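Reading through the structure tokens given below for one structure.
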Amino acid sequence: MGSSSLDTELAVLERDHLQLLLDILGKRGYRVVGPTVRDRAVVYDDLASVTDLPVGWTDEQDGGIYRLKRRNDGALFGYAVGPDSWKKFLHPPVVRLWRDKTGGNGFQLVEEDEGVPRFAFIGVRPCELHAIAIQDKVLLNGKYRDPSYEARRQGLFVLALNCGHAGGTCFCASMNTGPKATFGFDLALTEVLEADRHYFVVEIGTELGAEILREVPHKAASQAEKATAEGIVAKTAGQMGRRMYTTGIKDLLYRNYESPHWSDVAKLCLTCGNCTMVCPTCFCTTVEDVTDLAGEHAERWRKWDSCFTMDFSYIHGGSVRASPMARYRQWMTHKLATWIDQFGTSGCVGCGRCITWCPVAIDITEEVNAIRRSERGS
Amino acid sequence: MAGLPDPMVPSPLRVQRVRRETYDTFTLELEPANGADGFSFAAGQFNMLYAFGVGEVPISISGDPTKPQTLVHTVRSVGAVTQAICKLKRGDVLGVRGPFGSHWPVEEAAGGDVVIVAGGIGLAPLRPVIYYLLSNREKYGRLALVYGARTLQDLLYNPELEKWRGHFDLAVEVTVDTAAASYRGNVGVVTTLIPRVQFDPLQTAVMVCGPEVMMRFTLRELEARGIGPENIFMSMERNMKCAVGFCGHCQFGPTFICKDGPVFRYDQIQAFFAKREV
Ligand SMILES: Cc1cc2nc3c(=O)[nH]c(=O)nc-3n(C[C@H](O)[C@H](O)[C@H](O)COP(=O)(O)OP(=O)(O)OC[C@H]3O[C@@H](n4cnc5c(N)ncnc54)[C@H](O)[C@@H]3O)c2cc1C
Ligand code: SF4
Ligand code: SF4
């Protein structure tokens, strides 16, 4: 990426020209996906047009609570993250890993080679850019590379979105992952709504981003427009619904591995695994080996799995993490402590999904506080 | 000598020989189905074995690392997949991915004494160590094998145990948890044999594999004999779906058993080994 040729100046794109940008991505062969409203939630799916976006919607989020509400304007991105994350495209819930070509004895297995679409992601939040970077570390940066993830990740186009609205459970500011995109995008937008004007301030992240921007009408951003965009992000940073004090967090959790506090939270936890399904960094999977009825052709499917199930830690003789205490402890300690030793980064980006979608409103930020308090208390 | 072509997709290997070790444990000798190269590995590594259409499980390599032409696995039938593997006959095909994971420090241990402590099927991943040590006997000080099984019927590799006993420079101590009153050998858990073994605690590598409880008690005995945690190596077991660090199942604290293990130096996992339900 020759950054020298990049236009480092910010540009301005009028709201009415965003459609052109989506069209160009479509024409270039991308499968354009982004936020849209379905079943009373903002989910990620195919976008045919700007009108598929959740125009004029916002959300109310709190522990165990998610509600869409009307805004009194036509904002395209005026809500926080919903239950979906981009991992549903890059690390799909179900993939076939390989299938058997010959059948039966003397099988010959071939790796899944089905065509993978080239995705253009529209409206990727800064915390989500971090989540993608974290999954890159897990699935691409070790001794082995996950071919399924790599195929999807390779041709990805990212249109990021700096947040103009913090959700009730967001804490990216604590995790240093937002609300402004700093890397990992081709173009990054800040949405500006004024009384008589609706536009985006655009930052260019890659040469490809610059090339695509050149194909739609845009102009250089004025000082005033830049300042407005900066103000929006700064204001969002001050509106975080949650906060997590992260200093020394790894040692805190290692020190408290046997804290009685884990049993308190385990009394509430249903071990439903919702938190792992919505988390944009959770990567665990299981496999299913299947055959056709005649038992001649075999396939292997990979599916998202959750450390909250009993099967997850099953070895001959029983599950290693039989108690809900051990399973909740595994999840949270992995997110905030062991992940750091494994991959050199936190496994939590502060998106708040696990808080919003927990049926009993267990709150990871509050759990950290409780452990800190228990240390001070005893 | 190259390994198998793809770490993600099982390669077909043909069963050449099946040996019945006990009523529930079988040793399989495999050769590439397509006449490809042999299979080089380091003692302590494992493969993912795929029984066609049934499933895939981690199984240690139990053969001789200096004879990579045949791949050897010893499998105890305990569930769906291992049962299917134990039913295979000469000529059948088994899917193999690997080898994966860390290995026993056989080279690093040269110059000192080596003590091997195995419980049950735990002898399988340690047999390659015994082969290696015996074919490089002059490089080591005293060698001892301490092996425990539940009953006489559960002892693996009986003909070889006899042969190893015959080596004057390998101390072999075998015990069973229970046996008929007429049995004249050792009866009791494997840890009861450790005080008998002779070694220099400051210059000994101990390699341990067996059920987790057995390893816990073994570690206690070794500590009592003055062996430091940096001289103890152990092979760990957890559920495993991928063996390449992606599925997340085999995490043990900050480690992944599949890639950081299965063989660990005790001080690397000591903090978590002391805890429950990790
Ligand atoms: C690194 C390593 C080396 C091993 N080496 C050997 C060996 O040399 N010989 C041998 O007989 N056994 C070995 N095992 C144990 C062997 O993998 C299990 O006995 C086997 O997975 C049981 O599968 P199953 O389908 O027959 O049993 P089930 O009880 O039906 O198991 C269902 C599923 O649970 C998982 N599972 C169950 N038990 C275990 C287990 N103990 N370890 C990991 N996953 C498990 C598997 O994914 C399995 O498919 C080893 C395990 C590990 C982790
Ligand atoms: S742990 Fe919760 S807040 Fe953190 S990234 Fe996952 S879902 Fe978001
Ligand atoms: S913390 Fe909440 S979402 Fe996660 S498993 Fe427990 S009840 Fe389910």
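Because the structure is a prediction, the values reported are computed rather than measured. Below, read A as the first sequence line, B as the second, and so on, with proteins coming before strands; counting in each chain starts at 1. These values consider heavy atoms only, across backbone and side chains, with no hydrogens, waters or symmetry-generated copies.
In terms of heavy-atom pairs under 4.5 angstrom with chain A, the leader among Pro10(B), Gly253(B), Gly53(B) is Pro10(B). When the candidates Arg321(A), Met325(A), Arg302(A) are compared by the number of heavy-atom contacts under 4.5 Å with chain B, Arg321(A) comes out ahead. Ranked by heavy-atom pairs under 4.5 Å with chain A, the first of Pro254(B), Cys250(B), Gly79(B) is Pro254(B). Counting heavy-atom pairs under 4.5 Å between each of Leu97(A), Thr333(A), Asp292(A), Thr286(A) and chain B puts Thr286(A) at the top. Ranked by heavy-atom pairs under 4.5 Å with chain B, the first of Trp339(A), Tyr257(A), Phe283(A) is Tyr257(A).
Residue Phe246(B) holds its CZ atom at 9.0 Å from CZ of Arg145(A), rounded to the nearest 0.5 Å. For the atom pair CZ (Phe312(A)) and NZ (Lys241(B)), the distance works out to 10.0 Å, reported to the nearest 0.5 Å. From Met240(B), atom CE reaches atom CD1 of Ile315(A) across 10.0 Å, with rounding to the nearest 0.5 Å. Between Gln330(A) atom CD and Phe252(B) atom CZ the span is 11.0 Å, to the nearest 0.5 Å. Note that NE2 of His316(A) and CD of Glu237(B) are 9.5 Å apart. Values are rounded to the nearest 0.5 Å. The line from OH of Tyr50(B) to CH2 of Trp98(A) is 3.5 Å long, rounded to the nearest 0.5 Å.
With a threshold of 4.5 angstrom between heavy atoms, Val278(B) approaches chain A through its backbone and through its side chain. Only the side chain of Pro7(B) comes within contact range of chain A, with heavy atoms under 4.5 Å apart. Only the side chain of Asp305(A) has a heavy atom closer than 4.5 Å to any heavy atom of chain B. Within the 4.5 angstrom heavy-atom criterion, atoms from both the backbone and the side chain of Leu139(A) approach chain B. If you measure heavy-atom distances from Asp260(B) to chain A, you find no contacts under 4.5 Å at all. There is no contact between Arg99(A) and chain B, counting heavy-atom distances below 4.5 Å. For a residue to count as touching a neighbouring chain, one of its non-hydrogen atoms must lie under 4.5 Å from one of that chain's; by this rule Asp341(A) touches chain B with the side chain only. When heavy atoms are compared at a cutoff of 4.5 Å, Glu212(B) does not approach chain A at all. For Tyr149(A), no part lies near chain B; criterion is any non-hydrogen pair under 4.5 Å.
When the shell of 6.0 Å around CZ of Arg276(B) is examined, it contains 12 or fewer heavy atoms from other residues, nucleotides or ligands. The environment of His103(B) atom NE2 is sparse: at most 12 non-hydrogen atoms of other residues, nucleotides or ligands sit within 6.0 angstrom. Under a cut-off of 6.0 angstrom, the local environment of CZ in Arg255(A) is crowded, with over 12 non-hydrogen atoms contributed by other residues, nucleotides or ligands. For CD of Glu107(B), the number of neighbouring non-hydrogen atoms (other residues, nucleotides, ligands) closer than 6.0 Å is 12 at most.
Ionic pairing of Arg300(A) and Glu56(B) is present here: one or more N-O contacts between side-chain nitrogen and carboxylate oxygen are shorter than 4.0 angstrom.
The two residues Asp311(A) and Asn239(B) have their closest heavy-atom pair at O-ND2, 3.5 Å. For Glu258(A) against Lys275(B), the heavy-atom pair with the smallest separation is OE1-CE, 3.4 Å. Minimum interatomic distance between Gly248(B) and Cys284(A) (heavy atoms only, all atoms of both residues): CA-SG, 3.6 Å.
Using a 4.5 Å heavy-atom cutoff, the side chains of Arg238(B) and Val320(A) are in contact.
Between the side chains of Gln251(B) and Thr338(A), not a single donor N or O lies within less than 3.5 Å of an accepting N or O.
Put simply, the residue from Ser313(A), Ser319(A), Ser323(A) that forms a side-chain hydrogen bond (donor to acceptor under 3.5 Å, both in side chains) with Glu277(B) is Ser323(A).
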